[in-house]
Amino acid sequence: MNRVRGRQLAQGLAGFEVTDEDHLRAQWYVLLARLLSAPPDQALLTTVRGLTGDDSELGQVIRTLAAAARATTPAAVREEHFSLFVGVGRGELLPFASYYLTGFLNEKPLARLRGDMSDMGIARADDVKEPEDHIASLCEMMAGLITGAFGAPVDLPQQRRFFATHVACWAPRFFADLQAAKSAVFYMPVGAIGSVFMSIENQAFEMAA
Amino acid sequence: MSKKTAAKLGRRDFFRKAGLGAGVAGAAAVGLSASKGNAAVPDKAVAKGEGYRETEHVKKFYELAKF
């Protein structure tokens, strides 16, 4: 399931405190990563069905997602995931930073990301063949940087730099595309959640700066 | 209050108003843990109609066959 891992086992995290709101941010990233990385299995789908939301924008889209999850089956979501991201030949969308930024896969944005990953002690999981700039990998990396899954949690300015360089410059466009994709039914609200969450992250990073 | 603490509080408040706590609390309860380790062993049982899975057994086969 995990697309990336720390190069070394995380150790010696004493003294780092991850705040409640940072845990929540990480969980939104994990939710997006899990839904986008592979079609949700029965267990995850059941979890999603039970999600509730308040009247905030995010709460509303999570309610839409829960309703979409209740209206679908693992097999249907699997098919949807396939036509969106895998496809015959290619899927409807190519969820890679490099593609969104340059029009091609495996271009400079991927090289830059690999450089930063190596500096931060993050490696691609051994059983993953797709390039690291997949949206799900990047969400996992953000979650890991926040909670310290790859070592020590990194501070906000560093998170902000990573977010701006590798995520904010294209992910909002991708989530908008996902929302509007022809094959997206269950994934439509996933795109909506991504859009809303990205704009929250953007604003929050600006506040912290 | 230092400027930094104020910014931190503002941020916390902002997240709260943005509804960040909505929904995911439930997800947390069911174990959508963010800090899961890297136990990335796909050992899902090969259910009917699930198609090809690179299970431990298959990996072992490749290894032995020197693919």
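Each chain gets a letter, A, B and so on, in the order its sequence line appears, and its residues count up from 1. Worth saying up front: this structure is predicted, and the values here are computed from it rather than measured. Values below: every heavy atom of this structure, side chains too, minus hydrogens, waters and symmetry copies.
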Novice: Which bit of A:L156 is near chain B, if near means a heavy-atom gap under 4.5 Å: side chain, backbone, both or neither?
Specialist: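 For A:L156, side-chain heavy atoms alone lie under 4.5 Å from chain B.
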Novice: Checking A:R25 against chain B: side chain, backbone, both or neither under 4.5 Å from a heavy atom?
Specialist: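 Answer is both: backbone and side chain atoms of A:R25 are under 4.5 Å from chain B.
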Novice: Should we count CD of A:E57 as having more than 12 external heavy atoms under 6.0 Å?
Specialist: no
Novice: So which atom in A:I200 and which in B:A18 form the shortest heavy-atom distance, rounded to 0.1 Å?
Specialist: CD1-CB, 3.6 Å
Novice: May I have the step-by-step check of side chain to side chain contact (heavy atoms under 4.5 Å, CB included) for A:E201 and B:F15, ending in yes or no?
Specialist: CA-CA 9 Å; A:E201 278 286 273; B:F15 280 129; 3.9 Å; yes
Novice: Atom CG in A:D54, atom NZ in B:K17: separation rounded to 0.5 Å?
Specialist: 13.5 Å
Novice: At a 4.5 Å cut-off on heavy atoms, which part of A:Y29 comes close to chain B: side chain, backbone, both, or neither?
Specialist: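 Contact with chain B is absent: no heavy atom of A:Y29 under 4.5 Å.
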Novice: Grab the two heavy atoms, one from B:L20 and one from A:F197, that are nearest each other, plus how far apart they are.
Specialist: CD1-CE1, 3.8 Å
Novice: With a cut-off of 6.0 Å (strictly less than), are more than 12 heavy atoms of other residues, nucleotides or ligands near CD of A:E79?
Specialist: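 Result for CD/A:E79: open.
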Novice: Please say whether more than 12 non-hydrogen atoms of neighbouring residues, nucleotides or ligands are located less than 6.0 Å from CG in A:D20.
Specialist: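 No, CG of A:D20 has 12 or fewer neighbouring heavy atoms, counting only those of other groups under 6.0 Å.
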Novice: Are any of the side-chain nitrogens in B:R11 or A:D22 under 4.0 Å away from the carboxylate oxygens of its partner?
Specialist: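 Yes, this pair counts.
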Novice: So which residue, A:E21, A:Q60, A:R63, ends up with the most heavy-atom pairs under 4.5 Å with chain B?
Specialist: A:E21
Novice: Atom CZ in B:F14, atom CD in A:Q203: separation rounded to 0.5 Å?
Specialist: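 Nearest 0.5 Å value for the CZ-CD distance: 4.0 Å.
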